[in-house]
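To start, the structure itself, in structure tokens.
We're numbering straight along the sequence, starting at 1. Note that the structure is a prediction, hence the values are computed from the model and not measured.
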Amino acid sequence: MKRNVLLRYKILKCRKGLNARFGSGIKKYSGLRLMETFFRFNELAKAKEQLNNIMNYAVKNDRWIKEDPSVIFHFHQSMRSFVRAGYLIKLKEKKQVFPVRTENISPLFPGLLSEKEYRNPLLVFKKAYKEYSIKEFDYFMSGIVYFSLGVYDNVPEKNMISPYIHLTKMLDAAHLILERQKNNNRKL
């Protein structure tokens with residue numbers, strides 16, 4: 001009996017020690033920091049091109065993407081973190097102040113963004129997460145990566161265009177938010 005109590009005490013002490021060591025080093029990142037990290041490793045144009053290539057090969061059932069699977073997997077993982085960062089931005093939008101443009105806009109809008117979305121890029125994230133959850137975006141990304149890496153007789157069964165458009169718009173909006181943040185920091 002005494003031995004069991006001593007053993008339990010050691011196990012609990014060990015768990016507390018592990019939690020203290022590993023739990024204290026974890027930082028809570030904001031959505032903006034995660035977006036900055038994403039764009040540090042992925043340029044906007046290359047990320048959109050990579051997403052487009054994966055999508056094109058996922059729809060073609062007689063060809064597969066020629067790129068190294070590890071590159072595709074790395075992109076898949078970075079897009080998963082990008083989706084989570086976008087969700088964090090959407091959740092914390094009331095607490096954070098993002099610059100909103102009110103002046104006239106040039107006729108060339110960046111990417112697929114409308115005039116309203118260009119002025120307030122947070123609308124893109126609101127709309128995307130109103131239609132799809134994080135799990136649905138993960139399912140979409142996993143599906144297109146799966147179908148792009150091989151030749152299959154069947155094609156994806158769900159609507160693939162709408163999540164693709166949302167992800168492309170989110171890339172444009174996130175890049176726009178970060179650019180405006182940098183410009184505001186330079187002015188100060």
Side-chain angles (χ1 to χ4, degrees), residues 29-61 65 67 71-101 105-149 152 154-181:
Y29 288 103
S30 69
L32 285 177
R33 276 193 173 171
L34 291 171
M35 292 288 183
E36 286 173 356
T37 305
F38 176 83
F39 285 116
R40 195 174 302 138
F41 294 105
N42 301 295
E43 292 177 16
L44 176 64
K46 287 184 181 181
K48 288 171 65 174
E49 181 183 350
Q50 182 78 313
L51 183 63
N52 189 29
N53 285 341
I54 292 171
M55 181 69 179
N56 284 337
Y57 280 103
V59 175
K60 296 176 185 178
N61 57 356
I65 199 162
E67 224 169 317
V71 172
I72 302 298
F73 179 72
H74 182 266
F75 182 73
H76 171 261
Q77 293 299 99
S78 63
M79 283 302 292
R80 285 187 69 202
S81 68
F82 175 80
V83 166
R84 282 154 178 75
Y87 190 73
L88 282 174
I89 286 176
K90 181 218 168 238
L91 284 180
K92 294 183 179 183
E93 75 164 294
K94 294 175 185 170
K95 295 177 185 175
Q96 296 175 342
V97 178
F98 296 109
V100 177
R101 294 274 168 108
I105 301 168
S106 68
L108 300 173
F109 299 121
L112 298 172
L113 299 180
S114 67
E115 182 178 342
K116 201 182 264 188
E117 292 168 340
Y118 180 79
R119 287 190 177 146
N120 186 4
L122 291 175
L123 295 175
V124 173
F125 295 102
K126 284 182 187 177
K127 194 174 184 181
Y129 292 110
K130 187 184 270 188
E131 275 190 57
Y132 296 100
S133 67
I134 292 175
K135 284 185 179 182
E136 289 171 321
F137 278 117
D138 284 348
Y139 181 75
F140 165 74
M141 281 302 299
S142 298
I144 64 170
V145 165
Y146 175 79
F147 283 109
S148 69
L149 290 174
Y152 301 99
N154 51 356
V155 293
E157 73 281 352
K158 286 198 168 190
N159 177 13
M160 292 178 61
I161 302 299
S162 187
Y164 167 73
I165 291 172
H166 279 299
L167 282 175
T168 306
K169 281 183 157 189
M170 285 168 38
L171 285 168
D172 287 334
H175 194 265
L176 189 61
I177 288 171
L178 292 174
E179 285 298 314
R180 288 182 183 170
Q181 198 83 13

Can you check whether Leu149 reaches Val145 side chain to side chain, under 4.5 Å on heavy atoms? yes
How long is the span from the NZ atom in Lys116 to the CG atom in Leu123, to the nearest 0.5 Å? 7.5 Å
Could you check whether Arg180 makes a cation-pi contact with Tyr118, meaning its NZ or CZ is under 6.0 Å from the centre of the six-membered ring and within 45° of the ring axis? yes
If you take all heavy atoms of Phe75 and Ala47, which pair is closest and at what distance? CZ-O, 3.4 Å
For residues Tyr87 and Phe125, determine if any side-chain heavy atom of one lies less than 4.5 Å from a side-chain heavy atom of the other. no
Any side-chain heavy-atom pair of Ile177 and Met35 under 4.5 Å: no
Is there a donor-acceptor pair under 3.5 Å between the side chain of Ser81 and the backbone N or O of Ser78? yes
Just to verify, what does Glu67 make a side-chain contact (heavy atoms from CB on, under 4.5 Å) with, not counting sequence neighbours? Gln50, Ile65, Val71, Ile72
Checking the side chain of Glu136 only, and the main-chain atoms of Ser133 only, is there a donor and an acceptor separated by less than 3.5 Å? yes
Closer than 3.5 angstrom, by distance alone: can the side chain of Glu117 be matched with the main-chain N or O of Ser114 as a donor-acceptor pair? yes
Hey, what's the ring geometry for His166 with Tyr132, parallel, tilted or perpendicular (30° and 60° as the breaks)? perpendicular
Determine whether Arg84 and Leu34 make a side-chain contact, defined as any pair of heavy atoms from C-beta on separated by less than 4.5 Å. no
Please tell me whether Tyr129 and Phe137 form a close aromatic pair, meaning their ring centres lie under 6.0 Å apart. yes
Using a strict cut-off of less than 4.0 Å between a Lys/Arg side-chain nitrogen and an Asp/Glu carboxylate oxygen, indicate whether Glu115 and Arg119 qualify as a salt bridge. yes
Hey, is the main chain of Lys48 close enough, under 3.5 Å, to the side chain of Asn52 for a donor-acceptor pair? no
Over all heavy atoms of both residues, which pair between His76 and Ser142 is shortest? Give the atoms and the distance, please. NE2-OG, 3.4 Å
